[in-house]
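These numbers were taken from a predicted model, which means no experiment stands behind them. Numbering of ligands and ligand atoms starts at 1, following listing order. We number each residue from 1, following the sequence as shown.
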Amino acid sequence: MIKKSLLEIKRDLAEKKVSSVEVTKAVLAQIEKKSDLGAYVTVCADEAVAAAEEADRQIAAGVDKPLLGVPVAVKDNICTEGIRTTCASRFLENYIPPYDAFVVKKLKDAGAVIVGKANMDEFAMGSSSEYSAFKTVKNAVDDTRVPGGSSGGSACAVASYQAYMALGSDTGGSIRQPASFNGVVGLKPTYSAVSRYGLIAFASSLDQIGPMTRTVDDCKYVYDIIKGYDKNDSTSYSGNLDLGEKFTSLKGRRIGVAKEFFPSALSPEIKAAVEKAIAFYKDNGAEIVETEIKSFDMALACYYILSSAEATSNLSRYDGIKYGRRAEGCKNLQEIYYKSRTEFFGPEVKRRIMLGNFVLSSGYYDAFYLKASKVRTLIKKDFDEALSKCDALICPTAPTTAYKLGQKITDPVEAYLGDIFTVPVNIAGLPGLSLRCGTDSDGLPIGMQLIGKAYCEETLFSLARIYESAKEAK
Ligand code: GLN
């Protein structure tokens with residue numbers, strides 16, 4: 001396996017130091033070797049080798065494209081034409097999309113070689129990737145632990161060199177938290193910056209696709225390829241997506257910290273690591289600004305109400321008739337619905353459907369859904385206010401490092417609490433980037449999160465890059 005960053009391998013390919021077929025075969029061999037980690041639902045070896053051969057032909061002919069010949073992975077809730085897209089659900093076990101998602105088209109246009117579809121929590125609901133209907137994903141650093149979720153397969157694949165980049169999706173933390181658990185970089189872009197066309201919906205007002213990579217520069221590189229307006233996504237933004245700033249010095253930069261980011265339940269090791277990163281920024285010239293997000297502690301409840309309500313509605317299409325598989329031996333319409341949904345949805349998805357129906361039901365709608373919608377506005381306002389005083393906010397990505405497999409499976413609320421730092425960012429529609437900032441006493445990666453203003457991803461990349469290169473220099 002060629003242990004290089006995406007940009008390094010891209011350069012080697014362009015300079016013909018190595019061929020795409022060689023690189024792709026090496027990645028496929030690594031996937032085989034690491035198959036116990038469960039990172040992939042589907043490995044498309046034949047298609048990948050064929051795409052690599054085509055890339056090599058193009059490279060020989062002098063063609064240059066941003067990802068020409070580079071092996072990448074795509075989360076299994078993002079549609080790939082002709083390649084099974086299951087959402088890690090029994091319901092879509094045999095679903096082969098007739099079209100590519102916008103982002104997949106972008107990757108293919110850029111010459112990327114898709115090696116497989118990354119495993120995940122069913123329908124992206126979960127934080128540990130243990131809710132895949134097919135197999136559990138394991139952490140790339142310690143295989144007795146969870147990789148985080150729901151993009152656990154994507155994070156694991158990148159961290160264990162089973163791809164040079166993987167796309168994930170993030171509704172409430174599903175890119176950033178697994179990135180933090182596996183020690184890689186993950187970006188949840190500003191809502192509407194990356195098209196959701198072809199992303200199988202969980203909660204449409206929160207879902208975003210983003211890159212997971214080993215370095216900050218790789219992350220930016222891929223983000224620039226997949227972002228952009230798409231007429232097929234009604235929420236896609238047609239304005240300027242580049243409002244951020246590129247800089248290499250921290251002089252004059254302001255980084256916001258809020259006391260809400262350090263609750264008493266936070267692991268002391270994580271607190272210390274993030275504080276050390278804050279000290280790094282300060283020592284290197286940035287000004288640390290005290291801010292507050294008063295509504296911070298309402299975000300988790302707000303998120304689980306809104307996301308479940310939207311999920312209930314989005315998942316109603318899986319009825320055994322219009323979408324997905326149908327249970328056998330049904331005598332009437334009612335039975336088709338009932339049996340198909342009972343047999344093919346897993347426990348966490350059922351929990352969200354019940355939660356969502358409850359908060360939307362007559363008599364509870366005002367108390368839950370409507371109230372949460374108002375809280376959403378409040379959270380957005382608090383973030384806008386805090387960010388008006390600084391370039392970015394910094395906080396932990398998750399309150400713990402990767403926990404043991406099985407540890408939270410019997411206590412879903414405990415798992416929901418782990419999303420405390422990530423869900424507010426989706427609610428506010430802002431960009432969030434997770435980056436490794438340390439290691440705990442068990443040798444597990446600790447992640448920090450940089451939160452920026454809308455369409456200011458470049459500012460986050462600049463801040464992250466300065467930190468990353470200083471750590472590398474050590
Ligand atoms: N862990 C969160 C949830 O289960 C976030 C999931 C996601 O971002 N897709 O809802």
Side-chain angles (χ1 to χ4, degrees), residues 74-78 87-89 118-133 137 146-155 166-181 186-189 191 194 196 199-212 299-315 345-356 359 372 376 396-400 402-403 407-409 411-434 447 449:
V74 174
K75 188 176 177 180
D76 207 24
N77 59 350
I78 301 175
C87 258
S89 177
N119 202 355
M120 54 186 278
D121 285 301
E122 182 177 8
F123 282 102
M125 297 167 190
S127 306
S128 66
S129 300
E130 291 167 292
Y131 287 117
S132 165
V137 189
V146 301
S150 63
S151 314
S154 298
L167 292 184
S169 73
D170 191 313
T171 307
S174 280
I175 288 176
R176 292 158 287 159
Q177 182 255 25
S180 123
F181 278 16
L187 171 75
K188 195 290 282 181
Y191 185 78
V194 176
R196 290 179 296 108
L199 168 67
I200 296 176
F202 165 4
S204 313
S205 78
L206 302 160
D207 298 341
Q208 270 294 285
I209 296 170
M212 304 173 79
L300 208 54
C302 177
Y303 168 81
Y304 275 94
I305 291 170
L306 295 178
S307 65
S308 302
E310 290 186 34
T312 292
S313 159
N314 274 325
L315 296 185
F345 279 142
E348 186 58 30
V349 174
K350 286 180 182 156
R351 199 148 38 226
R352 305 293 174 107
I353 292 173
M354 285 189 276
L355 250 172
V359 300
R376 176 180 204 156
T397 304
T400 66
Y403 43 89
Q407 193 178 318
K408 297 195 182 176
I409 204 97
D411 188 352
V413 175
E414 182 66 24
Y416 298 169
L417 291 173
D419 299 334
I420 173 171
F421 296 114
T422 46
V423 298
V425 184
N426 300 72
I427 292 172
L430 300 171
L433 183 143
S434 181
Q449 178 179 214

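Taking the six-membered ring where the residue is Trp, Tyr304 and Tyr416 present parallel rings, their angle staying beneath 30° rather than reaching 60°.
Under the side chain to side chain contact (heavy atoms under 4.5 Å, CB included) criterion, Ser169 pairs with Lys75, Asn77, Ala124, Leu199, not counting sequence neighbours. Partners of Tyr191 by ring-ring contact (aromatic ring centres under 6.0 Å, His included), not counting sequence neighbours: none found. With sequence neighbours left out, the side chain to side chain contact (heavy atoms under 4.5 Å, CB included) criterion links Ser127 to Gln177, Tyr403, Asp419.
Side-chain contact check for Ser180 and Thr397: no donor-acceptor pair (N or O, by modelled atom type) lies under 3.5 Å.
At a 4.0 Å heavy-atom cut-off, the residues surrounding ligand 1 are Ala124, Met125, Gly126, Ser127, Ser150, Asp170, Thr171, Gly172, Gly173, Ser174, Phe202, Tyr303, Tyr304, Arg352, Asp419, listed by chain and number.
Summarising the geometry of Lys188 relative to Leu430, their closest heavy-atom pair is NZ-O, 2.8 Å, with the distance given to 0.1 Å.
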